[in-house]
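Notes for the one structure printed next.
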Amino acid sequence: MKKLFTHIGQLVQARPTSNNLLRGAMMKDLPVLKDMWLLTEGGRIAGWGSMDSVEEITADETVDLGGAMLMPTFVDSHTHLVFAADRDEEFVMKIKGIDYQSIAEAGGGILNSARKLQETSEDDLFASACRRLEEVIRQGTGAIEIKSGYGLTTEAEIKILRVIARLREQFPIPVKSTFLGAHAFPHDDQEKYIKAIIHEMLPQVYSEGLADYIDVFCEKGYYSKEQMCRILEAGDKYELKPKVHVNQFNSIGGIEAAIENGALTVDHLEVLSEDEISLLKDSDTIPVALPGCSFFLNIDFTPGRKLIESGLPLVLASDFNPGSAPSHSMSMINALACIRMRLLPEEAINATTYNAAFAIELGHEVGSITEGKLANFIVAKPGTNPYSIAYHFGVDWIDSVYINGDKY
Ligand code: NIG
Ligand code: FE
């Protein structure tokens, strides 16, 4: 089945090839082609060109886009989409000035989410996750990573990962799964819990094929650098590549250790030293910033401008979760990146589409309008241009989302 989309006013992020991450000054280059057509076949991109040549193209169906902007769907490489309940009571505490760590110490935080999730059935978790993921796609995300981490027992962590596996079956977009058993300690016996991760959870995660990646929250009051290394080394035996939470509130050596353990990405980085930027420059590990979390917790933003100016690649993700980033809007992430991190709109779009695909090893499948990639794209409302996404922050600019060439 060939579908031809004609009269595309602006075709954004069309690239003949997509082999490498964009880094440094390359990030400000965003291809925008005017008055174009796009052809899809079997759910994939089959070609694109200028409307001058549209007569030469044959298709089973033609969709006239009437001058609208078309761009690839966003790739959200860091989410905690499977959770049992909102934590809006903590939101009010935050408004009153109580900080993230104090809320956690008062019985809130990750342990609050874990208690609720342990009591929720797999089917109920799946139902709420389905509702969220549907909305995520409607808001323009066409590939996603989802973490466990609100279980904190073998049974509950496996339950989350099975929900993620069911989402992958149920939904038409690529879903990557990350095992985050080491999100917090469920009790004071840290050694006992780490042993459960290594000797109970990891073997089961592996034997059921439930995860693509392994994550650890390396932070004061959570997992030390040494504890993270033990867990990542154990994960390596089960072929799980690290994608880790580091440097959110404190720098405790997590970046260096993550690089040594071959991490695909290091995520958060709100606190970042010059030395750590140098370490990243000498590595293949990708920095991922989560501006929704900085905005919601009222903490520093990751120095994204500085990372780009140091010649590094940058990825932006939502961190969608009930505690520190309760929004999955990648449009909002674009706005925060531009307004608060001083990224150019082109850099923000590259960091949420093209580069973001590499943060979940899907650079060959999504992130740009490139022949052979999945036909996952957004058609914008009239009058939208690439700048509108961040400029009209919080305003819905999406007319429709196409997944595998079909309107979602
Ligand atoms: O990425 N920092 C650790 N984990 C999540 C938040 C978890 C929570 O507060 O529920 C994050 O921000
Ligand atoms: Fe997170």
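When a ligand or atom number is given, it counts from 1 through the structure's own listing order.
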When rounded to the nearest 0.5 Å, the distance separating NE2 of H199 from OG1 of T154 is 12.0 Å
Would you call K243 and E145 a salt bridge, taking side-chain N to carboxylate O under 4.0 Å as the test? no
Within-cut-off N or O pair, H183 and ligand 1, under 3.5 Å: yes
The Fe ion (ligand 2) to D267: any N/O/S contact under 2.8 Å? no
Under a 4.0 angstrom heavy-atom cut-off, which atoms of ligand 1 come close to Y100? 6 (C), 7 (C), 8 (C), 9 (O)
Is the F217 ring parallel, tilted or perpendicular to the Y222 ring (thresholds 30°, 60°)? tilted
Can you label the angle between the Y193 ring and the H187 ring as parallel, tilted or perpendicular, going by 30° and 60°? perpendicular
So how far is it from I45 CD1 to L374 CG, rounded to the nearest 0.5 Å? 8.0 Å
Taking the six-membered ring for Trp and the full ring for Phe, Tyr or His, determine whether the centres of H80 and H245 are under 6.0 Å apart. yes
Do me a favour and list the nearest non-hydrogen protein atom to atom 10 (O) of ligand 1 with residue, atom name and distance? Y150 OH, 2.6 Å
Ion pair present between D76 and K176, side-chain N to carboxylate O less than 4.0 angstrom? no
Can you tell me which residue and heavy atom of the protein come closest to atom 11 (C) of ligand 1, and the distance to 0.1 Å? D319 OD2, 3.2 Å
Please find out if the Fe ion (ligand 2) and some N, O or S atom of H80 are separated by less than 2.8 Å. yes
Using the six-membered ring wherever Trp is involved, compare the ring planes of Y150 and H183 and label them parallel, tilted or perpendicular (cut-offs 30° and 60°). tilted
Could you tell me whether the Fe ion (ligand 2) has an N, O or S atom of C293 under 2.8 Å away? no
Q248: numbered ligand 1 atoms lying under 4.0 Å from its heavy atoms: 2 (N), 3 (C), 12 (O)
Which of the atoms in ligand 1, numbered in the order shown and given with their element, are less than 4.0 Å from a heavy-atom of R87? 8 (C), 9 (O), 10 (O)
Provide, to 0.1 Å, the distance between atom 12 (O) of ligand 1 and the closest protein heavy atom, together with that atom's residue and name. S324 OG, 2.5 Å
If you measure from the Lys or Arg side-chain nitrogens to the Asp or Glu carboxylate oxygens, is any gap between K225 and E219 under 4.0 Å? no
Residue I110 vicinity, atoms of ligand 1 by number, heavy atom under 4.0 Å: 7 (C), 8 (C), 10 (O)
Heavy-atom gap E219 to ligand 1 smaller than 4.0 Å: no
If the Fe ion (ligand 2) is the vertex, what is the angle to OD1 of D319 and NE2 of H78, rounded to 10 degrees? 80°
